[in-house]
2 protein chains.
Amino acid sequence: MRPDTRLSRMLHVLIHMQHHEGTATSDAIATMLGTNPVVVRRTMAGLRDQGYVRSEKGHGGGWVLARPLEEITLLDIHKALGAPQLFAIGLAGDNPNCTVEEAVNVSLAEAMDEAATILLAKFGKVTLAELAAGAAKASKGKLAMEHF
Amino acid sequence: MRPDTRLSRMLHVLIHMQHHEGTATSDAIATMLGTNPVVVRRTMAGLRDQGYVRSEKGHGGGWVLARPLEEITLLDIHKALGAPQLFAIGLAGDNPNCTVEEAVNVSLAEAMDEAATILLAKFGKVTLAELAAGAAKASKGKLAMEHF
DNA sequence: TATCACGATACTTCATAAGTTACATGATCG
DNA sequence: CGATCATGTAACTTATGAAGTATCGTGATA
């Protein structure tokens with residue numbers, strides 16, 4: 001199964017936009033992500049609808065952050081992307097009379113629900129500002145390494 | 001994304017095999033699951049290699065449980081299927097010099113690792129015998145209902 | 001008015017679980 | 001032995017959804 005990389009990509013973009021003066025065009029973002037500007041617009045559309053970024057047309061247009069990174073969590077972006085499927089595992093069968101099938105699926109669903117709750121709770125606790133800070137620190141570390 | 005239903009299906013089959021006297025052919029299993037016998041053989045191959053079932057050719061051949069359900073956990077079957085991807089979410093980017101990308105992906109990976117640990121721990125604690133017992137109980141409940 | 005950048009549509013590509021076809025191999029029955 | 005049954009395997013097709021692409025419309029700016 002091909003993994004959904006939209007969350008990872010959007011987080012990456014949003015953090016870069018903080019340092020970016022003015023607007024970032026879909027083309028520029030696409031180049032940074034190694035993808036296509038249409039894909040960028042399509043994916044960013046959800047973030048715009050939820051008020052995390054704004055888009056402007058025409059000369060000097062492009063994308064800008066609409067809220068500080070302190071106020072955006074990973075969970076916010078996950079939801080803005082439409083809260084896509086978290087798990088690659090699914091439940092099979094559609095026979096409502098088979099109690100075995102039902103017991104299996106209930107058990108799997110419970111385990112997955114529990115894991116999803118944990119995962120989304122963690123997503124909700126991490127802000128993009130914290131990720132940006134972590135990246136800045138790592139950057140300094142690298143810079144320091146280069147001096148030796 | 002199309003979910004992977006192999007775990008759900010194999011658990012279902014194994015529990016039914018407990019009550020099944022003698023062998024169950026791939027055809028019979030496929031009919032029960034609403035799928036194709038070749039898919040059954042392909043998927044059961046991993047379980048056979050790990051010693052959870054045996055297969056016999058020729059007249060009267062088919063599949064039989066090789067171990068009691070008490071000794072098989074959901075995790076065992078997950079592993080026997082090759083421990084396929086749990087999450088539909090993936091990490092993007094391959095630029096080792098971008099600390100932002102790295103920070104984003106490390107954070108996502110940590111959250112997913114934590115959730116995966118929880119999920120697999122739960123899988124490891126549930127035996128197929130327990131699922132079978134739950135199904136039998138539900139079956140009785142249904143039977144009782146039918147009497148009134 | 002020309003250009004720039006997003007918005008939107010319609011399509012193609014890609015990856016992979018799932019489904020299908022076909023045939024080989026081995027075991028059992030008569 | 002030979003027919004039949006069932007698994008083993010290989011090769012191919014289908015289904016699904018993220019991702020990629022081409023094209024044109026729309027609005028904003030110089």
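To find a chain, count down the sequence lines: A is the first, B the second, and so on, and within it residues start at 1.
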Going by heavy atoms closer than 4.0 Å, what residues in residues 10-28 of chain A are next to DNA chain C? A:Ala24, A:Thr25, A:Ser26
Expressed in angstrom and rounded to an integer, what is the separation of B:Ile89 atom CD1 from D:dA19 atom P? 11 Å
Phosphate OP1/OP2 of C:dA18 contacted by B:Thr5 side-chain N/O (<4.0 Å): yes
Could you state the atom-to-atom distance from CG of A:Leu91 to C1' of C:dA18 in whole Å? 17 Å
Does B:Asp49 CG have over 12 foreign heavy atoms under 6.0 Å away? yes
How long is the line joining CH2 of B:Trp63 and P of D:dA6, in whole Å? 14 Å
Once you round it to whole Å, what is the distance between P of C:dG7 and CZ of A:Arg54? 12 Å
With A:His78 via ring-ring contact (aromatic ring centres under 6.0 Å, His included) - residues at least two apart: none
For a quick check, tell me whether the side chain of A:Arg42 and the base of D:dT21 share a donor-acceptor pair closer than 3.5 Å. yes
Do you know which two heavy atoms are closest between A:Leu65 and A:Met17, and how far apart they sit? N-CE, 3.4 Å
Where do B:Ala30 and B:Asn36 come nearest, in terms of heavy atoms and distance? CB-C, 3.5 Å
Can you measure B:His59 atom NE2 to D:dT4 atom C1' for me and round it to whole angstrom units? 4 Å
Closest heavy-atom pair and its distance - A:Ile89, A:Met112: O-CE, 3.3 Å
With a 4.0 Å cutoff (strictly under), does any side-chain N or O of A:Arg6 reach OP1 or OP2 of D:dA18? yes
Tell me, which of residues 33-41 of chain B have any heavy atom that sits under 4.0 Å from an atom in DNA chain C? B:Thr35, B:Asn36, B:Val38, B:Val39
Would you tell me whether A:His12 and A:His16 have side-chain atoms, one donor and one acceptor, within less than 3.5 Å of each other? yes
Between B:Ser8 and A:Asn105, which heavy-atom pair has the shortest distance, and what is it? OG-OD1, 2.7 Å
Between C:dG7 (C1') and A:Asp49 (CG): distance, integer Å: 12 Å
Considering all heavy atoms of both residues, which atom of A:Ala66 and which atom of A:Gly51 are nearest to each other, and what is their separation? CB-O, 3.5 Å
How would you label the contact of B:Gly61 with the nucleic acid (heavy atoms, under 4.0 Å): base, sugar-phosphate, or nothing? sugar-phosphate
Per nearest nucleotide of DNA chain D, the residue lying toward the 5' end, B:Lys57 or A:Arg9, is B:Lys57
Starting from P on C:dA17, measure out to CZ on A:Phe87 and report it in whole angstrom. 18 Å
Integer-rounded Å distance: C:dA18 C1' and B:Leu81 CG: 14 Å
Does any N or O in the side chain of A:Glu101 come within less than 3.5 Å of the main-chain N or O of A:Asn95, such that one atom is a donor and the other an acceptor? yes
